[in-house]
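Since the structure comes first, as structure tokens, the remarks are kept for the end.
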Amino acid sequence: MTSPLPSPKKIEDNDESDNKLEMANLVCLELSTEERAVFPSIAEPNIGSTENAQPNGKGGSPLHDSSNDSPQAPKEKVDLPCFGGEKRKPLDDTDISQETKKAKLETRALKAKRPGFSDERYNETDYYFENGLRKVYPYYFTFTTFTKGRWVNEKILDVFAKEFRAHPPEVYERCIKSGSLTVNYNKVDTDYRLRHNDLLANLVHRHERAVVSDPIQIVHMDDDFVVVNKPPSIPVHPCGRYRHNTVVFILAKEHGLKNLRTVHRLDRLTSGLLIFGRTAGKTRELEQQIRTRQVSKEYVCRVEGKFPDDEVICEEPIRVVSYKIGVCKVAPDGKDCRTDFRRLSYNGSTSVVLCKPLTGRMHQIRVHLQYLGYPIVNDPLYNHTVFGPEKGKGGVQNKSDDQLIGDLISIHNAESVLGLDESDIESPLLLPSEDLAKKDSAKTVGQVARPSEVAEESLKQDQLTTQSEQKFEPESPSSVQSTCDKSRITFDENCAECKMNFKDPQPEDLIMYLHALKYSGKDWSFNTPLPKWADENWKEE
């Protein structure tokens, strides 16, 4: 049962705290992890300034004239990298000025905290379905950033060698010499010294991670809100190696729902209720309700063992061990939080538990269940002996934070366990090392090369309907047939991933038994059906 949300109370335009929250929220929606990496001035979601807002406190339009603040164009002509074997016309001063101004406008648009992406971004590539998974055709993408103040007068190679330590200097030297990493769209020498307003551009051949093929179900939709039932494995918004395979992109591409504002978020592996705002006022109102704890949240999970019969209340404080890899633990110096638990069923080996978090700390339910000694059955992070023989029960770990982080990175495959991917840990090409410690900081862009847009001619085009021609809504992952058009699998001879053979994960390996079941306010309520694994008679096959 659902009922519409109440009409918003009047929110003053000069309410600075609400404006800051709204802007921080929109940044998280609009920027992918890599994009936040290359726009370091807005890398943190906790924005402490409203200098980019209009006088009424709302985000400014990115379409305003910024001719007075665009960087001066270089005087020399520039030869762009050659795409598809055809030499492009050199840019003259006017062309460079327009290109640089466009990048400047895009940067200002990001800083204006406007939600959503352009149609050009949505149309970069398409989906196809294979082996019960939703996949994305590889595509080319350019990351851009303007020179930071501390980089001015430094050699470009020295800056990358010092601030982006995931790769040895030889890798960055190769990128600069190949022309895939440019300054003001111009190939430069490795000893080029960066100047104010220099625009760094980095071309990448992107390979996104696969997610489950389950469709995103619309729970409720009106002029103010869109409420969906998110499948597991799909991130809410672009991050790491996920861009088109995210909820906001799928909703835009397949349902025409663009410019949505995130009200709250779910972990990538968590399924369930997810609310988006369609207007700034309604979004702020619901955010305010959540922030002031006027919203009741209910989750269900399946945990190891027989959970106690009586209600269990856990009020252990939680501290973030590492924002970089997203790991938390119970600690005396953590933030206050509380979760109420009640067992719903027990099948002889595992229990279905109803969870009511009264606060919203990172990984709160998972960490509290680990502390209680009843970790989620298939939690790839908190149900592991890396936390100790008792898997962190009672908060006992007997290792320092640094040891825990190192062990997690070395033991686990980052993609399936930490919720990250290899590049998040190993390849931050455009992320300064000091930014890695910041909340929601981005990680990686990976080595890039000039593209050669060729698909291997030996691949025959499948006579199947592609995602661009027909929406595909499978009944279950196992029922999905391949819709891959192999002629659209671009191959870049200098792309390391193009030369690797990746084994597809099983859809069941991309699921965690934690589901957002119900969100309720004073006179509104949204809920989803129980997932199959929450049935009292369910047993793991």
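Positions are given from 1 along the sequence.
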Shortest non-hydrogen separation from N378 to Y513 and the atoms involved | OD1-N, 2.9 Å

Using modelled atom types only, decide if a donor and an acceptor are shared between the side chain of T528 and the backbone of L273 within a distance under 3.5 Å.
-> no

Test of ring centre spacing under 6.0 Å for Y139 and H244 = yes

With the side chain counted from C-beta on, respond yes when L358 and T339 share a heavy-atom pair under 4.5 Å apart, and no when they do not.
-> no

Centroid-to-centroid, Y137 to Y128, below 6.0 Å?
-> yes

Which atom pair, heavy atoms only, marks the closest approach of P357 to C355?
-> CD-O, 3.5 Å

When rounded to the nearest 0.5 angstrom, what is the spacing between CH2 in W533 and CD1 in I511?
-> 10.0 Å

Kindly indicate whether the side chain of H205, heavy atoms from C-beta on, has any atom under 4.5 Å from the side chain of F141.
-> no

Do R241 and E208 meet the salt-bridge criterion of a basic N to acidic O distance under 4.0 Å?
-> no

Starting at CZ of F526, measure out to CH2 of W524 and round the result to the nearest 0.5 Å.
-> 6.5 Å

Passes side chain to side chain contact (heavy atoms under 4.5 Å, CB included), V300 versus V353? Steps please.
-> CA-CA 6 Å; V300 289; V353 177; over 6 Å; no

Before giving the answer on salt bridge (charged side-chain N to carboxylate O under 4.0 Å, His left out), spell out for E287 and R261 the whole-Å C-alpha distance, their side-chain angles and the decisive distance to 0.1 Å.
-> CA-CA 11 Å; E287 286 172 339; R261 293 165 160 84; over 6 Å; no

Side chains of I275 and L286: does their closest heavy-atom pair fall under 4.5 Å?
-> yes

Does any N or O in the side chain of N383 come within less than 3.5 Å of the main-chain N or O of P375, such that one atom is a donor and the other an acceptor?
-> no

Side chains of H237 and R265: closer than 4.5 Å at any heavy-atom pair?
-> yes

D223 CG: over 12 foreign heavy atoms closer than 6.0 Å | no

Exam field: side chain T270 to backbone L266, donor-acceptor pair closer than 3.5 Å | no

Carefully, step by step, assess T144 and L200 under the rule side chain to side chain contact (heavy atoms under 4.5 Å, CB included).
-> CA-CA 5 Å; T144 59; L200 304 179; over 6 Å; no

If you measure from CZ on R134 to CD1 on I234, what distance do you get to the nearest 0.5 Å?
-> 6.0 Å

Please tell me if the side chains of V263 and I290 come closer than 4.5 Å, counting only heavy atoms from C-beta onward.
-> yes

Taking 4.0 angstrom as the limit, do D504 and K135 come out as a salt bridge?
-> yes

Between A534 and V352 the two heavy atoms that sit nearest each other are O-CG2, 3.6 Å

Donor-acceptor pair, K230 side chain versus Q217 backbone, under 3.5 Å?
-> no

Do D126 and R488 sit within salt-bridge range, that is, some charged N less than 4.0 Å from a carboxylate O?
-> yes

Give a yes or no on whether a salt bridge exists between R366 and D267, defined as a side-chain N under 4.0 angstrom from a carboxylate O.
-> yes

Which is it for T292 and Q294 under the side-chain hydrogen bond (donor to acceptor under 3.5 Å, both in side chains) test, yes or no, and what are the steps along the way?
-> CA-CA 6 Å; T292 56; Q294 300 178 52; 2.7 Å; yes

Using 30° and 60° as the class limits, which term best fits the ring planes of Y122 and F249: parallel, tilted or perpendicular?
-> perpendicular

Working to the nearest 0.5 Å, report the span between CG of L514 and CD1 of I376.
-> 4.5 Å

Looking at side-chain heavy atoms only, is the closest gap between F276 and V248 below 4.5 Å?
-> yes

Taking the six-membered ring for Trp, are the ring centroids of Y299 and H515 within less than 6.0 Å of each other?
-> no

Given the rule in the side chain to side chain contact (heavy atoms under 4.5 Å, CB included) test, do L530 and L517 qualify, once you have shown the distances and angles that lead to the verdict?
-> CA-CA 7 Å; L530 281 171; L517 182 65; 3.9 Å; yes

side-chain hydrogen bond (donor to acceptor under 3.5 Å, both in side chains) between R302 and T350, intermediate numbers included | CA-CA 7 Å; R302 183 171 285 277; T350 60; 2.8 Å; yes

G521 versus Q289, closest heavy-atom pair with distance = CA-OE1, 4.5 Å

Going by an N to O cut-off under 4.0 Å, is there a salt bridge joining D224 and R278?
-> no

Hey, are the side chains of P232 and L510 touching, using non-hydrogen atoms and a 4.5 Å cut-off?
-> no

Charged N to carboxylate O below 4.0 Å: is that the case for R342 and D340?
-> no

Student check: side-chain heavy atoms of I318 and H368 closer than 4.5 Å = yes

Please test Q364 against T359 for side-chain hydrogen bond (donor to acceptor under 3.5 Å, both in side chains), starting from the C-alpha separation and ending with a verdict.
-> CA-CA 8 Å; Q364 177 176 321; T359 50; 2.8 Å; yes

State whether the side chain of N527 and the backbone N or O of Y519 hold a donor-acceptor pair below 3.5 Å, judged by distance alone.
-> no

Say whether, by atom type as modelled, one donor and one acceptor occur between the side chain of E536 and the main chain of L344 under 3.5 angstrom.
-> no

Which heavy atom of G326 sits nearest a heavy atom of H363, and at what distance?
-> O-CE1, 3.1 Å

Scanning both residues in full, the closest heavy-atom pair of P231 with D214 reads CG-O, 3.5 Å

Please say which of L274, T246, L257 ends up in a side chain to side chain contact (heavy atoms under 4.5 Å, CB included) with L251.
-> L257

Judged by atom type as modelled, is there a donor-acceptor pair below 3.5 Å linking the side chain of S213 to the main-chain atoms of G132?
-> yes

What's the spacing between N245 CG and I250 CD1 if we round to 0.5 Å?
-> 5.5 Å

Separation of M512 CE from L381 CG (nearest 0.5 Å) | 9.0 Å

Side chain to side chain contact (heavy atoms under 4.5 Å, CB included) between F117 and N259, worked out | CA-CA 7 Å; F117 297 83; N259 302 325; over 6 Å; no

For the pair S520 (side chain) and S296 (backbone), establish whether a donor and an acceptor sit closer than 3.5 Å, ignoring hydrogens and angles.
-> no

Within 45 degrees of the axis of the six-membered ring of Y127 and under 6.0 Å from its centre: does K253 put its NZ or CZ there?
-> yes

Any donor-acceptor N/O pair, Y242 side chain to R268 backbone, under 3.5 Å = no

Ionic contact status for R121 with E124, cut-off 4.0 Å | yes

